[in-house]
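A short worksheet on the structure shown next.
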Protein chains: 2
Amino acid sequence: MLKGVFPIDKWDFKSGSVLNDLPEEELEMLFAHTTEHLYSKGQVIFREGAYPTGIFFIKEGKVKKYKVDKEGREQIVYVANTGELIGFHALLAEERYPDSSAVLENSKIVFIPKDNFMDVLNTSKVLARRLLKTLSHEFAVFANSLALFAQRSVRERFAMQLVLLREKYKQNFVPGMDVEINMSREDLASLVGTVRENILRILKDFKEEGILETKGRKIIIKDIKKLLSIVNQ
Amino acid sequence: MLKGVFPIDKWDFKSGSVLNDLPEEELEMLFAHTTEHLYSKGQVIFREGAYPTGIFFIKEGKVKKYKVDKEGREQIVYVANTGELIGFHALLAEERYPDSSAVLENSKIVFIPKDNFMDVLNTSKVLARRLLKTLSHEFAVFANSLALFAQRSVRERFAMQLVLLREKYKQNFVPGMDVEINMSREDLASLVGTVRENILRILKDFKEEGILETKGRKIIIKDIKKLLSIVNQ
DNA sequence: TTCAAAATGTGCTCTTTTTTACCTTTATTA
DNA sequence: TAATAAAGGTAAAAAAGAGCACATTTTGAA
């Protein structure tokens, strides 16, 4: 039996995960001799411009991928959840990281060295096919985001992101309980591509319209249909 | 010798093309029994929501990929050039087209049936690896676009798109000659994610600043450094 | 070549979004 | 636990962008 964070049978690969249904031998190869690391809220996993030496598996937690421009404004490009792999794009493209990654909450992250990943990719065709499918799918999602950012108002963009975030935070809660989105207003602004003040203003509007409630920094969506109707006009 | 648009040795696979340096046998398989079709300016290649039955190769011309929202506003997601494949994302993701495609100018398009594509993908590892690399790279490009759209002004976005378009239109011209970007103001607006009036206004500014000249609808960039300095602050 | 349709161009108004300048509340840690 | 930093919140002015109405030019089909 190989050392590492394997066995992974207790792990839960959520939908959208590249590793879902991957043959056990391949998972074993992938996670051979790996160890899990604890990252505390806000800690950076990798930085834009660095050369990748492996990929990262989110065993538990949430990770933001973001870019920072000259003025220091941050744009969150993607929020990754438990069960997802991050950083493999740069490895496959043989390029430096195009964005940075940091954990949004205390998280357990497994580093998978480049060799592990490449070995599995070379010996089996399942991973390659799975990656192709995932990447192609993500492409469609990205095209959607692009149109959203380019054409829609801040209010509409925020409504959309709240719907998507709710899906991500759903996994943390037992069925029946309220889903609590726990993200700073600053991070929400970075995700929507606006400033904090705008997020605050729209959050206030949404509260008055009965769409959501807040418990401190936590956001609880009460009327998802109304939220969706904002996005779909 | 197989029938089809093969031999492709006269073709010019530009950088960024998935087919660059692909083994001749694989190209032969891919293009077996295919024929080239003429599309006239504005003609639609495929429409959002349709099921893919194959992929398309741009033998000559330019193609826009775009999404249309409820109000009829169009957002161009990508401009593909001679030598590029389009429509393979949907096939690999096993989903319907997430966007539509139409030719921006009279173009020669080759339809490659699904079976051809899948056969090559199954028999060889080169294409799969090439696709993974291309997709991963495009991902970084897309992340950049997203940050651009989310954080930058219309003026900055337009400046950036002009730089990118110039690269695409460069291929049509002999070295030394002026590169002429030939796109309707409406399409430029769809690409930048704004309205026609804004494009007109900024185009006027750019002319006054000596950045570019226009010849009818054609745009000739005279000072690319100034244009880049707008994007990079 | 003519003529209608489509595309380009301009000025003005109105709306949305950002910026600025604060105050208040919640976390963190010495 | 008090001090201090960080995050949350509000209002008003300034700037950017969208929408509208209409004139002009170009294009392409009869």
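All values below come from the heavy atoms of this structure, side chains included, with hydrogens, waters and symmetry mates left out. Here is the naming used below: chain letters follow the sequence lines, and residue numbers restart at 1 for every chain. Computed from a predicted structure; not experimentally measured.
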For [X], side-chain contact (heavy atoms from CB on, under 4.5 Å) partners two or more places apart:
| X | value |
| --- | --- |
| R201(B) | E197(B), N198(B) |
| R196(A) | R185(A), E186(A), L200(A) |
| A147(B) | K67(A), Q75(A) |

Provide, to the nearest angstrom, the distance between the [atom1] atom belonging to [X] and the [atom2] atom belonging to [N].
| X | N | atom1 | atom2 | value |
| --- | --- | --- | --- | --- |
| K41(B) | dT26(D) | NZ | C1' | 11 Å |
| L200(B) | dA21(D) | CG | C1' | 15 Å |
| E186(A) | dG9(D) | CD | P | 13 Å |
| L203(B) | dG9(C) | CG | C1' | 11 Å |

ask   = Is there a donor and acceptor pair, one atom on the side chain of R196(A) and one on the base of dG9(D), closer than 3.5 Å?
value =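 Yes, the side chain and the base share a sub-3.5 Å donor-acceptor pair.
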Would you please name every residue forming a salt bridge (charged side-chain N to carboxylate O under 4.0 Å, His left out) with [X], sequence neighbours left out?
| X | value |
| --- | --- |
| D178(B) | K222(B) |
| R157(B) | none |
| E167(A) | K170(A) |
| K218(B) | E180(B) |

Show me the donor-acceptor pairs, under 3.5 Å and distance only, between side chains in residues 97-105 of chain B and residues at least two apart or in other chains.
residue : atom : partner : partner atom : Å
S100(B) : OG   : E48(B)  : N            : 2.9

message = Going by the rule ring pair (Phe, Tyr, Trp, His ring centres under 6.0 Å), which residues pair with F142(B) if we only count those two or more places apart in sequence or in a different chain?
response =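 F142(B) satisfies ring pair (Phe, Tyr, Trp, His ring centres under 6.0 Å) with F139(A), F142(A) only.
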inquiry  = Using a 4.0 Å cut-off on heavy atoms, which residues in residues 204-220 of chain A reach DNA chain D? List them by number, or say none.
reply    =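 DNA chain D contact set from residues 204-220 of chain A: K204(A), R217(A).
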Protein and nucleotides 17-19 of chain D: nitrogen or oxygen contacts under 3.5 angstrom:
residue : atom : partner : partner atom : Å
dG17(D) : OP1  : V154(B) : N            : 2.8
dA18(D) : OP2  : T194(B) : OG1          : 2.4
dA18(D) : OP2  : N198(B) : ND2          : 2.3

task = Take the C1' atoms of the five end pairs on each side of the helix from dT1(C)-dA30(D) to dA30(C)-dT1(D), derive the two axes, and give their angle rounded to 10 degrees.
result =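 Its terminal axes enclose an angle near 50°.
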inquiry  = Quick one, T82(A) with K59(A), criterion side-chain hydrogen bond (donor to acceptor under 3.5 Å, both in side chains). Give me CA distance, side-chain angles, the key distance, then yes/no.
reply    = CA-CA 6 Å; T82(A) 303; K59(A) 191 170 176 184; over 6 Å; no
inquiry  = Under a plain distance cut-off of 3.5 Å, with no hydrogens placed, do T214(A) and K207(A) share a side-chain donor-acceptor pair?
reply    =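 Yes, T214(A) and K207(A) have a side-chain donor paired with an acceptor closer than 3.5 Å.
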